[in-house]
Amino acid sequence: MAIHFSIHPDNPQARLLKQAAHWLSDGGLVAVPTDSSYAVVAHLDDKAAADALRRLRGLDERHHLTLLCRDLAEIGHFARVDNRQYRLLKAATPGPWTFILEATREVPRRVSHPSRKTIGIRVPQHPVTLALLEQVGAPLLSTTLIPKGEEDALNDADDILQRYSHDLAAVVDAGACPQSPTTVVDLTGPEPVVVRLGRGDPATLGL
């Protein structure tokens, strides 16, 4: 049965985030709010947790998972970023964007795209998620919480608890958040390509 953490959306309680971080380190999946709907997160170095995350969403190994990072410096540790890409990332982060980039060796091969060796990267703009990342001290593997066979992301913690009480270790409830996934931009080619339109407006980045 998933544990329900009710956390202040602007001033998250450190003791509760520490408990959520414990469940992640113990191999659990945790639902967290972001600036673009709720997401499910797992410890990056835990293979069983990554497999469970894919099963929860019904995703195969070719679907890009995303690393939630604390800042641009952390992105540079897990993805190869040239000057052009860096300027775009700097303009867009933190915010409701996911960028597809070439993964570095710091990313376990089992979570990067099997043929392209790429990974999704984002810096969320939500105080609770950023505080949890600080508590963990490392990026978290994530995917938007969209139920199998549905198109809309979940943004209500009570709904998530009802649907996934036996699949998640915990739900971090900071109230409702936007019900829209991130805009996904592939930066691995000669020009940026928007591959999914979500909450981020490509026009604000000149795309």
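Bear in mind the structure is a predicted one, so any value in this text is a computation, not a measurement.
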Trainee: Assess the residue pair Arg163 and Asp158 against the criterion (salt bridge (Lys or Arg N to Asp or Glu O under 4.0 Å)); give the C-alpha distance rounded to whole Å, side-chain angles, the decisive distance to 0.1 Å, and a yes or no.
Mentor: CA-CA 9 Å; Arg163 290 173 180 249; Asp158 289 335; over 6 Å; no
Trainee: Over all heavy atoms of both residues, which pair between Asn155 and Cys177 is shortest? Give the atoms and the distance, please.
Mentor: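 For Asn155 versus Cys177, the nearest heavy atoms are ND2-O, 2.8 Å.
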Trainee: Check whether any side-chain N or O of Ser165 sits under 3.5 Å from a backbone N or O of Gln162 as a donor-acceptor pair, and report yes or no.
Mentor: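 No: the side chain of Ser165 does not pair with the backbone of Gln162.
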Trainee: Considering all heavy atoms of both residues, which atom of Pro127 and which atom of Pro12 are nearest to each other, and what is their separation?
Mentor: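 The pair with the smallest heavy-atom distance is O-CG, 4.0 Å.
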Trainee: Check whether Tyr86 and Ile75 end up in the same hydrophobic cluster, where Ile, Leu, Val, Met, Phe, Trp and Tyr are linked by side-chain heavy atoms less than 4.5 Å apart.
Mentor: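 Yes, one cluster joins them.
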Trainee: Given side chains that start at C-beta, do those of Asp186 and Val194 come closer than 4.5 Å, heavy atoms only?
Mentor: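 The answer is no; the side chains never approach within 4.5 Å.
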Trainee: Would you check, one step at a time, whether the test side-chain contact (heavy atoms from CB on, under 4.5 Å) holds for Leu168 with Val40?
Mentor: CA-CA 9 Å; Leu168 300 173; Val40 183; 4.0 Å; yes
Trainee: Could you go through Arg84 and Leu88, starting from their C-alpha distance and side-chain angles, then the distance that decides it, and tell me whether this counts as side-chain contact (heavy atoms from CB on, under 4.5 Å)?
Mentor: CA-CA 7 Å; Arg84 174 184 62 87; Leu88 191 60; 5.9 Å; no
Trainee: Could you tell me whether a side-chain N or O of Asp26 sits under 3.5 Å from a main-chain N or O of Gly28, the two making a donor and an acceptor?
Mentor: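 A pair under 3.5 Å: no.
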Trainee: Working to the nearest 0.5 angstrom, can you tell me the gap between Leu16 CG and Asp173 CG?
Mentor: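 If we round to the nearest 0.5 Å, Leu16:CG and Asp173:CG are 11.0 Å apart.
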Trainee: Let me see the working for Arg196 and Thr183 under side-chain contact (heavy atoms from CB on, under 4.5 Å), right down to the final yes or no.
Mentor: CA-CA 5 Å; Arg196 182 180 73 187; Thr183 292; over 6 Å; no
Trainee: Between Asp167 and Leu29, what is the shortest heavy-atom contact and its length?
Mentor: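 So the two residues come closest at O-CD1, 4.1 Å.
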Trainee: The test is side-chain contact (heavy atoms from CB on, under 4.5 Å); show your working for Val123 and Trp97 and say whether it passes.
Mentor: CA-CA 8 Å; Val123 179; Trp97 302 87; over 6 Å; no
Trainee: Roughly how far, to the nearest 0.5 Å, is the CG atom of Leu24 from the CG atom of Leu140?
Mentor: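 These two atoms lie 5.5 Å from each other.
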Trainee: Out of curiosity, Leu67 CG to Glu74 CD, how far, rounded to the nearest 0.5 Å?
Mentor: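 That separation rounds to 9.0 Å.
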Trainee: Atom CD of residue position Glu191 - does it have more than 12 heavy atoms of other residues, nucleotides or ligands inside 6.0 Å?
Mentor: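 Incorrect, the count does not exceed 12.
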Trainee: Using atom types as modelled and distance alone, determine if a side-chain donor or acceptor of Gln85 lies under 3.5 Å from a backbone N or O of Leu187.
Mentor: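 Pair found, side chain donor or acceptor close to backbone of Leu187.
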Trainee: I'd like to know if the side chain of Gln13 reaches the main chain of His8, judged simply by a donor and an acceptor atom lying under 3.5 Å from each other, with no hydrogens or angles considered.
Mentor: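 Judged by distance alone, yes, a pair lies under 3.5 Å.
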Trainee: Specify the closest pair of heavy atoms between Thr104 and His77, including all atoms of both residues, with the distance to one decimal.
Mentor: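 Minimum heavy-atom separation between Thr104 and His77: OG1-O, 2.9 Å.
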Trainee: Would you call Leu130 and His126 a side-chain contact if the rule is heavy atoms closer than 4.5 Å?
Mentor: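 No, their side chains stay 4.5 Å or more apart.
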Trainee: Would you call Asp51 and Arg55 a salt bridge, using N to O less than 4.0 angstrom?
Mentor: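 No.
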Trainee: What's the spacing between Leu133 CG and Cys69 SG if we round to 0.5 Å?
Mentor: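 That separation rounds to 8.0 Å.
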Trainee: Treating Thr93 as the side-chain partner and Gly95 as the backbone partner, does any N or O pair qualify as donor plus acceptor under 3.5 Å?
Mentor: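 No; zero donor-acceptor contacts below 3.5 Å.
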Trainee: Under a single-linkage definition using a 4.5 Å side-chain heavy-atom cutoff for Ile, Leu, Val, Met, Phe, Trp and Tyr, are Val193 and Leu101 assigned to the same hydrophobic cluster?
Mentor: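 They do not share one cluster, since no chain of ILVMFWY contacts under 4.5 Å joins Val193 to Leu101.
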Trainee: Quick one: do Ser142 and Arg122 satisfy side chain to side chain donor-acceptor pair (under 3.5 Å)? Show the steps, please.
Mentor: CA-CA 10 Å; Ser142 76; Arg122 72 169 298 215; over 6 Å; no
Trainee: Could you tell me whether the side chain of Arg57 and the main chain of Thr144 form a donor-acceptor pair under 3.5 Å?
Mentor: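 Here the side-chain-to-backbone pair exists.
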Trainee: Where the side chain of Ser36 meets the backbone of Pro181, is there a donor-acceptor pair that is under 3.5 Å apart?
Mentor: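 No.
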Trainee: Please report the interatomic distance OG1(Thr188) to CD(Glu102), rounded to the nearest 0.5 Å.
Mentor: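 With rounding to 0.5 Å, OG1 (Thr188) is 9.0 Å from CD (Glu102).
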Trainee: Linking I/L/V/M/F/W/Y whenever any side-chain heavy atoms sit under 4.5 Å apart, do Ile100 and Leu141 land together?
Mentor: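 No, separate clusters.
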Trainee: Does a side chain donor of either Thr143 or Arg54 reach within less than 3.5 Å of an acceptor in the other side chain?
Mentor: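 Their side chains do not contain a donor-acceptor pair, so the 3.5 Å distance test is not met.
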Trainee: Decide yes or no for Leu56 and Tyr164: does some side-chain heavy atom of the first lie under 4.5 Å from some side-chain heavy atom of the second?
Mentor: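 Touching, per the 4.5 Å side-chain cut-off.
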Trainee: Answer yes if Leu89 and Val184 sit in the same cluster of Ile, Leu, Val, Met, Phe, Trp and Tyr residues linked by side chain heavy atoms under 4.5 Å apart, and no otherwise.
Mentor: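 Leu89 and Val184: separate clusters.
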Trainee: Should Ile146 and Tyr38 be counted in the same cluster of Ile, Leu, Val, Met, Phe, Trp and Tyr side chains packed under 4.5 Å apart?
Mentor: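 Result: no, two separate clusters.
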Trainee: Would you say the side-chain atoms of Gln179 pair up with the backbone N or O of Ala153, donor to acceptor, closer than 3.5 Å?
Mentor: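 The answer is yes, because a donor-acceptor pair under 3.5 Å joins these two groups.
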Trainee: Using 0.5 Å steps for rounding, measure from the CG atom of Leu132 to the CG atom of Leu68.
Mentor: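 Leu132 atom CG to Leu68 atom CG measures 9.0 Å (nearest 0.5 Å).
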Trainee: Between Asp156 (side chain only) and Ala176 (backbone N and O only), is there a donor and an acceptor less than 3.5 Å apart?
Mentor: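 Side chain of Asp156 to backbone of Ala176: no pair is present.
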Trainee: Within a strict 4.5 Å, meaning less than it, do heavy atoms of the Val30 and Val171 side chains meet?
Mentor: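 A side-chain contact is absent here, since even the closest heavy-atom pair is not under 4.5 Å.
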Trainee: With a 3.5 Å distance limit and no angle check, can you tell me whether Arg199 reaches the backbone of Pro178 through a side-chain donor-acceptor pair?
Mentor: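 It does not hold such a pair.
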Trainee: Any idea which heavy atoms bring Trp23 and Ala170 closest together, and the distance?
Mentor: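 In this case the closest contact between Trp23 and Ala170 is CD1-CB, 4.5 Å.
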Trainee: Which pair of heavy atoms, one from Ala49 and one from Ala42, lies closest together, and at what distance?
Mentor: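 Minimum heavy-atom separation between Ala49 and Ala42: CB-CB, 3.9 Å.
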Trainee: Are the side chains of Ser37 and Leu154 in touch, meaning some heavy atoms are under 4.5 Å apart?
Mentor: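 When only atoms from C-beta onward are counted, Leu154 and Ser37 do not touch, as no gap falls below 4.5 Å.
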